[in-house]
Structure formats: structure tokens, C-alpha cells
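Before any comments, here is the structure.
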There are 2 protein chains.
Amino acid sequence: MTASGEAARRPPARRPTIKDIARRAGVSESAVSFALNGRPGVSDRTRTRIRRVAQELGWQANSAARALSGDRADCIGLVLARPARTLGVESFFLQLVSGIQEVFSAHRTALLLQVVPDLAAECALYRRWWAERRVDGVLVVNPRTEDPRPRLLGSLGLPAVVVGGLATPGPDSAPPPLPTVWADDAKAMARILDHLHGLGHRRIVHVAGLPELAHTARRIRSLRSEAARRGLDTRQVRSVTTDYSDAEGAEATRRLLDTAEPPTAIIYDNDVMAVAGASVAAERGIPVPRGLSIVAWDDSPLCRVTHPRLTALVRDTAAFGRLAAQELRAVLDGGPVRAVQGELPHLEERESTGAP
Amino acid sequence: MTASGEAARRPPARRPTIKDIARRAGVSESAVSFALNGRPGVSDRTRTRIRRVAQELGWQANSAARALSGDRADCIGLVLARPARTLGVESFFLQLVSGIQEVFSAHRTALLLQVVPDLAAECALYRRWWAERRVDGVLVVNPRTEDPRPRLLGSLGLPAVVVGGLATPGPDSAPPPLPTVWADDAKAMARILDHLHGLGHRRIVHVAGLPELAHTARRIRSLRSEAARRGLDTRQVRSVTTDYSDAEGAEATRRLLDTAEPPTAIIYDNDVMAVAGASVAAERGIPVPRGLSIVAWDDSPLCRVTHPRLTALVRDTAAFGRLAAQELRAVLDGGPVRAVQGELPHLEERESTGAP
DNA sequence: TTGTAAGCGTTATCAA
DNA sequence: TTGATAACGCTTACAA
């Protein structure tokens, strides 16, 4: 440390309460409460006077008191299980958070964010938040194929919305265990395959992310069924899984290019791996797209700074966050459990894809 | 929406309170409170019994009640002013948050995160949080040269720590207005200049970030004084400012390369601009590092997937977050206002820098 | 239309 | 070592 001074602890200016307002406006505390919360039981004249006084005093409801009394926290929670490595570079989470906030901050609801090392810690945290009444509800991200969270949250009765979808619910299946906002990965994958197959590619590999994530499973399943539908050889059109890191993305690419019949196109499950893959192609002197076509699932500035720029599946993550937030609000308002579908992402065709 | 079901609203399992524990353990509520908070006034036998009962019931203190009574929120706040574009791609913030949490979650203190459009909204939010008693303190990021926040927070008496440093405090200057954790940008810039000057570079441009940020000003000042110290021409060793985006980074690079005496080395204030700059060099057929050396301020996977890999100033952002969190904890505990210096970043020399 | 009073779950003070 | 009891600031029956 370089400089140090005395604790300049100013007298922490007393915050006004409704009692102050009541006194100053010459009315009762309950009148103030009614007036400020816009409920009936107080005349318009008194209401405006009270409002003005509150304004003058810079009054804001003490959140703890309101929570204690009103049985709400005006706060929702979001837990990220071990993002340090996996989520660090992707812009996904900040964008999502940004969208979520847009909706909730308009309703004076705060967002509690916590980063934990693993799923067990995440579950423990839900239990604690529930017991502490810290949050009114939570947004669950990174749903898995085998996911303990829906059952836990259901049994706690802690309102939740799953972001990113559980297993795609069939049209006439039972209602999903938790409300969900989901993206149609199957259609998106089909869209990518349309593009690549149309260009003449027959050997297409999907370098997927973590295999335990539900959306990874959906994409893999979709690739397989789309390949089958087109009569493509499933040994040549297939998925391999990674941990999303640039290192594993590059490694997978090297392994694929070393096979007897290397793919002519690779679909990467995030932007970082796609760029890493492009880099491997460059280091081997393989021209993109003539020697190898590359598609990135999720666009970002990264995809636009490489040469050639990468064809990418573009989705509006902030909008997805807004959708999730709106759904959680609906659930908190007593809405039904349902699965809401986000906007279908579109494929931005750039120079990294072409005929093989 | 595809599937919808009935609101499977389970009876929201009542949460145990101190009263339940008291009843079950056959003691008074205050005895329970004392026992659970580890203060004297209750025998060891009773204490352990009470603890066991609390454990059995899965009791956790209601945070609102505790906050109302205890006058703390057990919560700290972090506001990001308009990160959607500026902060989206950089891994900086998630890393910082991750480090902050490591410290606070160990002390059962939550983190309230809010994204707002601008500085005015940020200030309004501090006022609101203060009035609502939402948070015990805040961490202020992206300090500016002209910054209204220290004065505001000081006048509110809302404890705060500035992350990233205000103007570097001189050794015998007045104590900084707010406690600060800071990185020595001046020394870091000197380190970079040592490297480039040693390689033989005499025309070095610094593509900086937003000019209103304090650390940008510090880096610019340092570059100027280091250039002067080495007798370099300040028309050839200088800074230009941008908004941190890949677009402006690329644009600045193009303009620089179009001058009569283009720089032989460029220092970029973030990884995204550095990659964008490398991309511009590639598109012009300028070999890196022979035709142009590139340094990125802040490392990330991006710097490792380009060809050649980028020489980067590496700092441990999560550690910086931990340091900031520890300092805020110290301030909340009544510690002095001081400026704590983070670890000096080091220059990771890769293949993007070499003799001109 | 207004005021009084009880309650939310904790902590903290004070007698017993 | 204990057990009532009064805050904390707000909401909300209920009474005037």
C-alpha cells in the first residue's frame, strides 16, 4: 500500500422513514404507506402531498423492512457454476445478465449474482437462499441432461425459470417440471446443415461443448437426425465433445484433420473454439474455406476479426435474457408452468464457408 | 410457446424460524439467538443442543429480518455502466466478479450486480441503494479522471472501494478521497516500452481505450514520460484513443498504417483491439512482427489463437477482484482509507513482437 | 377518509 | 444462565 489516511467516516446521514414523512405531512404512517403504494384509502389531495414530502426527503422504502413485512425480497438470483475457465471469454453471460436486468430493474427488482465452483455448491446455495428468503426466484442456466436442480427447486417451492431449455418437450408430453425459455437448437442445426450440405459438404464434424449440457445433447441429436434424413454417412457426419476451451477446440481440430478422411466442414459450439480451429487450419496451411469450411455457433467480435471472417449462428442473447426475465416475472405473478420459445437464431454467412 | 401446464404451485414448505427452534429445544428465542450467533449468555450444553436442532430444521437466518434488526444488508453492490458493447467481449468483468465472490461468499455476503446505461444512472442507483439500505458497501469500477462518484459516495456515507485506482496518489499527497485498489499502469507501460525500445523500435503508438477513464490517462501519461526519458520523438511515440471496440481498434490501425511514417509497433489497450489490429496487418500483407510488432494489454485465449500469438501484458484479474473485496471488507470493519497496490502485471513475450 | 395496532423474524436490553 | 420485551421500518387489518 502506498498512501493511507484516517478513517474519514462521515456521520452516515440518517435515512428518512415513513414516520418522518408522516410527521412532516401531518398524517399517520399507514396513510403514508397507502399513498406511496398507490392503494385506495387516502384522498387524492393527501396522496399528492405525501408524495411530495417523500420526494423532498428522498425517501426510498427500506428494502429489508419491506421484504420482512411483504414476504418478498424484490430480488432474484442467478448462479454461475464454475465460469472461470468455461465461461470467461464468452460474451454470453454478460449479455444475458444485461437483458435480464433491463426487465427487472424496471420493476425495482435487484439481481443477486453468485459464482460457485460446481453444481453441488449451486444446489446448496439455492437451499440457503430459500431458507434466508434472500430471493423471490431464480434463473437456472446451463441445464443438463441429468439435472438435480428442477427437482430441488420444485421441492423447495422456489420459483424458477430454466434458461436454455431442458430436454425439448414433445407437443403432447407432460408439462415441463420447471418453466423454461428455450432456443430451438434442432432447427438451428438443421439450418447450418442446409447451408453446408447445399455447398456440397458430405464430411461434416460438429465440435461440441460439454456433453453433460442439455443443449449440447440437443445439437448432437439434431445433427444425427439431419444427417440421416439426408442419407449422409453417420461416420462422416458426427459430433465430438470438448470443454469449450480454445485448447480443446484446437486439439479436436488437429485430431480431425489428421484422420484419413478429414472433414471438409467443422461446426464449433462457440466462437472461441471456432477461432482456435481457424488458427489450426492456418498453421497447417489449409485454406479456409476451400480446404475447410468453418461455422461458429454464436457470433461475437472474434468471428469478425479473423481472416476470413467466420460464418456464424447469430442470436440475440440480451433478448433471450429479457425473455427469461419476463417469464420469471410471469411465474412470480402466479402464471402457469410453460415452455416459451426464443427467437430462432439466423445464420450469418461470411467468408469461412464455401464449396469444398 | 409450445407446451403449457398448470401452475404446479407446491405448498411452499414453511421455513423454520428461531421460534420453531426455541419451541423444539424448550428454550427462549433470545437463547437461540445467542447460541446461534456465538455470543456468551448461554451454557455450552444448551448451545450445542440448540445448534443441533437448528441443523435438523435446516434453519438459516431470514436475511431481511437480520438486516432490519442488525442494520446491515450482508450484501455489497457492483454497478456496470453500459457494458453491452464496451465490456461484452472482455473477460475482465466475469473474472473480477469471480474473485470478488471468492472473498465475500466465504463471509455469507451476497453480491448485487446491476447493469445501467450510463454514469448518471449509476449515481442514481447508489442513492437508491443507500436509501433502501440494500447494500453495505459498493465496489466502484472504471474510475474516471473527472469522476462524480467519490464525492457522491462520500456524502452519502456509503462505504466504497474504487477498483482500478483514481489518479495515482503521490507519496506525500493528501489521502485519496476513497479507498482504492490500483494497478501500477505506469510501471507496466514502462515495462512494455523497455521491451519494444530494446528491440529497436522508435515509432511506437498506443491505441488506448476510452479517454475519460483514469487508467487510460495514466497509461498515456506514462507513455509520454517514458518516451521523453529515452529521448524519443513524441510525435512518433504517442497515444490515440478509442472506445475499446474491435471496429475502432481496426480503424485506428488502418489510419496509423496509412501515415507517411507508420509505427513499427502498436500497443493495444485490450485483447479485442489487438486481435483486430493483427487482422488489419494480415489483410494488408504486413508481416507480424517484422513489419509490425503488436502488444496486447491484458491476456486472454484470443491472444493465443492468432498467428503469431500475441505478446501480452498478463495480469491476474481474479486476484485483483479478491484484493478489492478484501479492502472493502476492511473498510466495512472500520479500517482506514488507503490505496492498496495490486500485483504488477508481467509481460508475456510471444511471437508478435520482434525487431523492426 | 383517516388513525391505531398487530405482525414479519431478528437482535439486544433488561430483569429475574 | 435464562426469559420477557422492545426495537428495526414497513404493510395491512380493523376501528374510529
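Chain A is the first sequence line, chain B the second, and so forth, proteins listed ahead of strands; every chain is numbered from 1.
In terms of modelled atom types and a separation under 3.5 Å, the side chain of S105(A) and the main chain of Q101(A) share a donor-acceptor contact.
By the 4.5 Å heavy-atom criterion applied to side chains, P179(A) and R338(A) are not counted as neighbours. You'll find the side chain of V97(A) reaches within 4.5 Å of the side chain of L78(A), heavy atoms only. Side chains of L139(B) and I100(B) form a contact here, defined as non-hydrogen atoms less than 4.5 Å apart. The side-chain heavy atoms of D20(A) and I18(A), taken from C-beta on, include no pair separated by under 4.5 Å.
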*asked:* Counting primed atoms plus P, OP1 and OP2 as sugar-phosphate and everything else as base, spell out the protein contacts along nucleotides 10-16 of chain D at 4.0 Å heavy-atom distance: B, S or - for each nucleotide, 5' to 3'.
replied: BBB----
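When the nearest nucleotides of DNA chain D are assigned to R133(B) and S28(B) by heavy-atom distance, the more 5′-ward of the two goes with S28(B).
N37(B) and R66(B) share a donor-acceptor pair across their side chains, judged by distance under 3.5 Å alone.
Nucleotides of DNA chain C that come within less than 4.0 Å of any heavy atom of chain B span, from the 5' end to the 3' end, dG9(C) to dT13(C).
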*Can you list the steps and then say if E56(B) with R24(B) is a salt bridge (Lys or Arg N to Asp or Glu O under 4.0 Å)?*
CA-CA 11 Å; E56(B) 279 168 18; R24(B) 189 131 154 192; 3.4 Å; yes
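Separation of atoms OG (S98(B)) and CG (L80(A)) is listed at 9.5 Å; rounding is to 0.5 Å.
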